[in-house]
Amino acid sequence: MSDNALPKGYEPRDVESRWRAHWEGNKTFTPDLDAPGEPFSIVIPPPNVTGALHMGHALNLTIQDILCRHARQKGRKVLWVPGTDHAGIATQNVVERGLAKEGKGRHDLGREKFIERVWEWREEYGTRILNQIRAMGASVDWTRERFTMDEGLSRAVRQVFVKLYDDGLIYKGDYIINWCNRCHTALADDEVDHLPRKDHLWQLRYPLADGSGELVIATTRPETMFGDTAVCVHPEDERYTAFIGKMVKLPLTDREIPVIADNYVDREFGTGALKVTPSHDHNDWELGHRHKLEFLQVIDENGVMNEHAGIYAGLTKEECRKRVVADLAAQGVLVKEEELDHSVGHCYRCKSVIEPHVSTQWFVAASKMAPRARAAVPAATQIFPDNWEKTYYNWLDNIRDWCISRQIWWGHRIPAWTCGDCGKLIVAVDAPERCACGSANLTQDEDVLDTWFSSALWPFSTMGWPDDTRELKTFYPTSVLVTGFDILFFWVARMMMMGLHFMDEVPFRHVYIHALVRDAEGRKMSKSTGNVIDPLEMIDKYGTDSLRFTLAAFAAMGRDIKLSEERIEGYRHFVNKLWNAARFALMNLPDDEVPAPVDLDTVQGLHHRWILHRLEEMKESTDAAIVGYRFNDAAQGMYRFIWNEFCDWYLELIKPDMQAGGERKAAAQHVLLTVLRETLTLLHPIMPFITSEIWAALPGNAGTDLAVQPFPAARPGCVRAEDAARMELVQGVIGAVRTIRAELNIAPSLRLTALVRTANEHDRQVLEENRQMLLVLARLENAEFGPAIEAPKASASNVVSGNEVIVPLTGAVDFEAELARLDKELGKIEKDLVQVNKKLANESFVDKAPAEVVAKERARAGELADAKAKLEALQQRFREAIS
RNA sequence: GGGCGGUUAGCUCAGCUGGUAGAGCGUCGGCCUUACAAGCCGAAUGCCGGGGGUUCGAUCCCCUCACCGCCCA
């Protein structure tokens with residue numbers, strides 16, 4: 001036995017920190033650009049600097065790491081770029097909250113000081129998320145870490161802005177946009193969450209100006225009525241045709257507004273008549289332009305009513321609504337108030353209600369860039385699973401121009417200057433010194449760009465664009481983007497547009513959309529619900545490998561993951577199992593030198609031949625599963641192989657070999673080491689730490705790193721399906737004896753005798769050759785095999801592929817139990833037999849089903865009938881014995 | 001309103017191109033068997049959401065209904 005055995009328990013903490021330090025210190029994951037091998041690259045979805053690692057990140061990183069480590073094993077040149085995102089609004093909010101504690105606002109500091117403050121903040125906390133990426137074991141290239149506000153990336157942003165402006169794809173103008181009063185900035189359409197909300201629908205009486213009647217309109221926003229500049233009905237709505245073209249009096253004001261007609265109106269909703277407020281509603285904005293209405297703004301950018309609201313000026317929009325409704329009710333204008341379930345836009349950063357607001361903003365003409373991005377899927381970029389294609393198309397087909405200016409300070413400032421003298425607008429990469437008119441009186445636009453604008457460039461900006469770098473040449477387009485569906489629009493579609501425009505090539509060949517991680521009840525994890533499972537806490541308690549394996553095992557394509565701590569705890573048992581298997585192996589292997597090799601193609605011993613065969617199958621299936629993004633198959637396949645085959649059978653079967661010594665031991669050592677080495681390699685992408693640790697402890701591996709070992713080569717000579725079948729027979733006989741023992745309550749310590757009346761010479765020979773396996777694993781003192789074996793009358797029995805397994809019973813045995821057991825067994829067989837016979841009796845089945853299927857059923861019917869007959873005979877004999 | 005997905009063992013979920021329903025966890029029974037009690041051996045459990053259709057044959061394909069979830073308007 002070895003004296004440098006592994007410690008009794010696996011201690012993830014020490015092991016993980018050691019390997020992390022080793023990999024980072026040695027720059028193990030920095031690719032050699034001159035190395036041979038096909039490139040494989042991934043850019044990390046950059047987490048927010050404000051962020052802390054959550055389960056979504058943990059899953060995202062695990063998947064990417066599996067892909068990268070696997071690609072390295074397959075000899076590819078792998079680059080995985082890490083980095084973080086400056087997250088404009090979110091980060092600014094965090095720093096502003098900090099300031100608020102000091103009783104200050106950002107305006108008290110001024111722009112420059114405030115930005116300095118944000119940078120300080122990011123220096124302090126920006127590394128936190130990076131260390132959490134480290135904790136996950138992510139094999140990123142730390143020498144290429146990027147931040148969206150880096151000098152290089154900022155230059156890329158300015159360059160892109162200027163180019164798009166020159167190409168006519170960026171423009172500035174007054175439009176209605178989504179305004180967050182709290183964050184005090186414009187938001188893009190997809191940054192608005194539509195959340196369900198109980199509200200009211202009020203019906204209001206608008207009298208005709210000529211006194212000839214009245215029109216009842218329905219609205220959810222009475223406070224905006226001061227901005228009404230029309231009432232709209234459906235042109236074919238007979239209730240209202242007479243009103244079209246007339247004027248109505250706007251209550252609470254002295255204004256009169258026209259009644260217009262437009263197909264946009266839903267006749268079924270409310271009263272079929274609606275008030276039109278072009279400055280405060282997206283649809284009304286469209287109506288306003290179509291019908292050339294007046295645009296009247298009544299709510300300011302703080303959510304306060306302005307002078308157009310008359311006596312309501314100065315009230316917040318919420319207060320104003322209450323007062324207006326009360327006053328309308330008092331004046332008899334309010335006809336009806338009803339409950340309404342609808343959805344209302346909320347800021348995705350702060351969850352306050354979004355106000356449609358007209359202002360001067362910058363836009364990307366996304367509608368012009370979308371068609372190319374659409375056409376690239378699936379021709380140049382494939383989405384996995386492909387049902388997301390539809391969602392992708394749907395969004396691009398309905399895309400509106402993208403509002404990219406934000407009225408905050410933290411971010412890439414828009415590279416546009418206005419001349420104070422001639423009014424000319426200058427858009428340039430670097431700050432211009434003077435205007436063409438000669439004036440030096442230039443002021444830069446106050447706004448910054450949407451964070452997603454810089455994220456959209458990530459796949460090429462991180463590789464050094466606009467310079468023509470080797471990284472770009474080698475690694476662009478990236479191989480795959482791994483992300484959640486929640487940012488398919490924000491990010492994926494925009495990267496496609498930008499990549500195609502600037503690189504003339506898609507940014508990634510594949511997009512793998514992974515699941516959302518939910519809690520055990522299927523709810524989204526959120527701090528407010530309090531159902532968050534913190535990955536760092538899980539890592540601390542169970543180790544990173546347990547967490548990674550759990551996530552991989554549940555990462556079935558296209559399905560959400562319901563996670564609970566118990567699952568992670570459960571997979572820690574697997575980690576422990578592997579550790580102990582390795583300990584056992586090491587105890588039975590020489591300390592330093594590699595055991596003398598034997599020829600694996602011709603090695604004797606069914607257990608060796610079988611496990612080597614299974615190992616070949618595992619290589620193929622694991623590789624196929626990872627390449628096909630079926631991580632759950634990869635994980636579960638390894639789990640079963642290691643636990644149910646390698647540990648439960650193989651390790652048990654080599655124990656006698658190890659005791660026997662000599663050549664038998666030498667062969668067992670060599671096969672054991674081979675299987676363990678290659679199994680660790682296969683498992684390494686999912687569980688990098690424990691596999692590396694065990695690897696380094698194996699004889700001959702001291703000082704080597706599993707992370708740089710190649711994928712185990714195929715060993716065609718070891719593919720032997722017939723040995724797998726032989727093994728199955730042996731396992732079946734062992735199982736039959738074990739079942740008898742357990743069901744008849746025979747003590748495990750009692751050594752039994754087993755007799756097998758064999759079905760044919762082949763089976764007899766297999767059992768004979770593997771007598772020792774049966775003796776050890778079925779706990780027998782004796783075993784006999786042959787075609788003419790007669791069962792002693794008092795014996796329990798079972799049938800395995802036509803072989804009658806007989807266990808003579810001695811001493812006190814529960815005879816009734818054996819009878820009941822045989823009845824149960826026969827019941828099962830009969831049930832199957834009836835079903836199969838029914839099938840075979842069906843003429844059209846025999847007629848129309850493929851010949852091989854029919855043949856298979858016939859064979860099965862024969863087997864079942866045979867087993868039935870044998871069992872019945874055995875049962876009869878047993879009855880005679882006990883009567 | 002439009003789109004997507006789900007419904008399989010007590011729980012969580014696999015089940016690729018239709019051909020004998022699987023796993024993990026949990027449950028029950030028996031074991032300290034020299035790597036592992038975080039373990040070993042054995043067992044039980046399913047109108048594969050309802051209805052209809054295609055087919056010799058449907059968990060799988062088509063239609064429909066119900067319930068649940070998500071996205072977009």
Side-chain angles (χ1 to χ4, degrees), chain A residues 1 5-6 8-10 189-190 193-194 266 268-269 282-283 342-343 385 387-391 393-395 397-398 485-486 488-489 516 518 520-524 542 546 550 553-554 556-564 566-567 569-588 624-625 628 630 632-633 635-637 639-640 643-644 647-648 651-652 655 659 734-735 737-749 776-779 821 824 831-833 835-836 838-840 842-850 852-854 856-857 860-861 864:
Chain A
M1 287 225 180
L6 292 170
K8 183 134 170 84
Y10 175 58
D189 293 337
D190 56 358
D193 285 337
H194 295 270
D266 175 1
E268 307 298 316
F269 186 79
H282 286 102
N283 294 311
H342 69 153
S343 64
N387 49 315
W388 287 104
E389 279 179 10
K390 264 195 181 170
T391 310
Y393 294 148
N394 190 49
W395 190 72
D397 291 342
N398 297 301
F485 62 83
D486 47 333
L488 188 62
F489 309 141
L516 215 60
R518 300 172 176 280
E521 272 85 57
R523 294 170 306 180
K524 211 165 169 169
Y542 306 111
S546 301
T550 307
F554 283 99
M557 227 195 277
R559 234 196 214 244
D560 283 350
I561 297 178
K562 286 190 203 167
L563 191 73
S564 65
E566 290 75 56
R567 296 185 192 294
E569 198 185 347
Y571 279 111
R572 184 184 50 165
H573 297 179
F574 176 60
V575 172
N576 185 250
K577 186 74 180 175
L578 177 64
W579 185 253
N580 279 297
R583 281 182 61 223
F584 171 79
L586 284 168
M587 288 174 191
N588 287 286
R630 289 179 287 110
N632 57 326
D633 286 351
Q636 278 162 10
Y639 184 100
R640 269 143 91 160
W643 200 312
N644 303 122
C647 291
D648 288 351
L651 293 188
E652 293 304 324
K655 283 178 182 173
Q659 273 160 12
I734 292 170
V737 176
R738 282 172 170 176
T739 301
I740 288 168
R741 185 192 289 278
E743 299 227 327
L744 299 188
N745 279 313
I746 300 168
S749 50
V776 173
L777 293 192
R779 311 204 112 228
R821 202 185 62 75
K824 197 180 69 182
K831 202 178 139 204
D832 286 353
L833 190 57
Q835 214 184 329
V836 177
K838 211 168 120 192
K839 229 176 185 181
L840 288 168
N842 182 350
E843 278 178 38
S844 42
F845 170 74
V846 180
D847 238 28
K848 296 183 181 172
E852 77 236 35
V853 174
V854 178
K856 219 169 124 191
E857 291 296 321
R860 190 168 137 75
L864 286 168

Would you measure the distance from the [atom1] atom in [N] across to the matching atom in [M] and give it in whole Å?
N     : M     : atom1 : value
B:A9  : B:C70 : C1'   : 27 Å
B:C31 : B:G69 : P     : 48 Å
B:C13 : B:G26 : C1'   : 14 Å
B:C47 : B:U7  : P     : 16 Å
B:A58 : B:A23 : C1'   : 23 Å
B:A14 : B:G49 : P     : 14 Å
B:U54 : B:G15 : C1'   : 23 Å
B:A21 : B:C48 : C1'   : 8 Å

Is there side-chain contact between [X] and [Y], with at least one heavy-atom pair below 4.5 Å?
X        : Y        : value
A:Phe485 : A:Thr391 : no
A:Ile740 : A:Arg821 : yes
A:Val575 : A:Tyr10  : yes

Exercise for the section: Check whether any side-chain N or O of A:Ser844 sits under 4.0 Å from OP1 or OP2 of B:U55, and answer yes or no. Expected result: no

Exercise for the section: Using only side-chain N and O atoms of A:His573, determine if any of them is under 4.0 Å from OP1 or OP2 of B:G39. Expected result: yes

Given [options], which nucleotide is nearest the side-chain atoms of [X]?
X        : options             : result
A:Asp633 : B:A14, B:G42, B:C72 : B:A14
A:Asn632 : B:A38, B:A35, B:A14 : B:A14
A:Lys824 : B:C56, B:A38, B:A44 : B:A44
A:Asn576 : B:A35, B:G19, B:A38 : B:A38

Rounded to whole angstroms, how far apart are [atom1] on [X] and [atom2] on [N]?
X        : N     : atom1 : atom2 : value
A:Asn394 : B:G5  : CG    : P     : 13 Å
A:Phe485 : B:C71 : CZ    : C1'   : 8 Å
A:Lys655 : B:C40 : NZ    : P     : 11 Å
A:Asp648 : B:C40 : CG    : P     : 6 Å
A:Leu586 : B:C36 : CG    : P     : 14 Å
A:Asn387 : B:G69 : CG    : P     : 20 Å
A:Asp847 : B:G57 : CG    : C1'   : 14 Å
A:Leu488 : B:C70 : CG    : P     : 18 Å

Problem - Comparing A:Gly735 and A:Gly570 on RNA chain B - which has the more 5′ nearest nucleotide - result: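 Upstream on the strand: A:Gly570.
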
Handout entry: Residue whose closest nucleotide on RNA chain B lies nearer the 5' end, A:Trp643 versus A:Asn580
Key =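 Mapping each residue to its closest nucleotide by heavy atoms, the 5'-most match is A:Asn580.
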
Practice task
May I ask you to say whether A:Glu743 pairs ionically with A:Lys824, meaning some side-chain N is under 4.0 Å from a carboxylate O?
Solution key: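 Salt bridge: yes.
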
Closest non-hydrogen atom pair, [X] against [Y]:
X        : Y        : value
A:Leu840 : A:Phe845 : CD2-CE2, 4.3 Å
A:Leu777 : A:Glu652 : CD2-CB, 3.7 Å
A:Leu833 : A:Ala861 : CD1-O, 3.6 Å

Practice task
Classify the side chain of A:Lys577 and the base of B:C36 as holding, or not holding, a donor-acceptor pair under 3.5 Å.
Solution key: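 Answer yes: a donor N or O sits under 3.5 Å from an acceptor.
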
Practice task
Report which part of the nucleic acid A:Leu651 touches: base, sugar-phosphate, or nothing (heavy-atom distance under 4.0 Å, all strands).
Solution key: base

Exercise for the section: Give each stem of RNA chain B as a range with a range, requiring at least 3 consecutive Watson-Crick or G-U wobble pairs whose two distances are under 3.5 Å. Expected result: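 Stems (3+ consecutive pairs) listed as B:1-7 with B:66-72, B:10-13 with B:22-25, B:27-31 with B:39-43, B:49-53 with B:61-65.
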
Do any N or O atoms of the protein come closer than 3.5 Å to N or O atoms of nucleotides 27-33 of chain B, and which pairs are they?
unit_1 : atom_1 : unit_2   : atom_2 : d
B:U33  : O4'    : A:Arg779 : NH2    : 3.2

Handout entry: Cation-aromatic face contact A:Lys655/A:Phe584, 6.0 Å, 45 degrees
Key =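 Verdict for A:Phe584: a cation-pi partner in A:Lys655.
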
Sub-3.5 Å donor-acceptor pair from the side chain of [X] to the main-chain atoms of [Y], do we have one?
X        : Y        : value
A:Asn842 : A:Lys838 : no
A:Asn398 : A:Asn394 : yes
A:Arg779 : A:Pro748 : yes
A:Arg583 : A:Gly9   : no
A:Asn576 : A:Arg572 : no

Problem - A:Tyr571/A:Tyr542 aromatic ring centres below 6.0 Å - result: no

So which protein N/O to nucleotides 20-24 of chain B N/O distances come out below 3.5 Å?
unit_1 : atom_1 : unit_2   : atom_2 : d
B:U20  : O2     : A:Arg860 : NE     : 2.9
B:U20  : O2     : A:Arg860 : NH1    : 2.4
B:U20  : O2     : A:Arg860 : NH2    : 2.4
B:U20  : N3     : A:Arg860 : NH1    : 3.1
B:G24  : O3'    : A:Tyr639 : OH     : 3.4

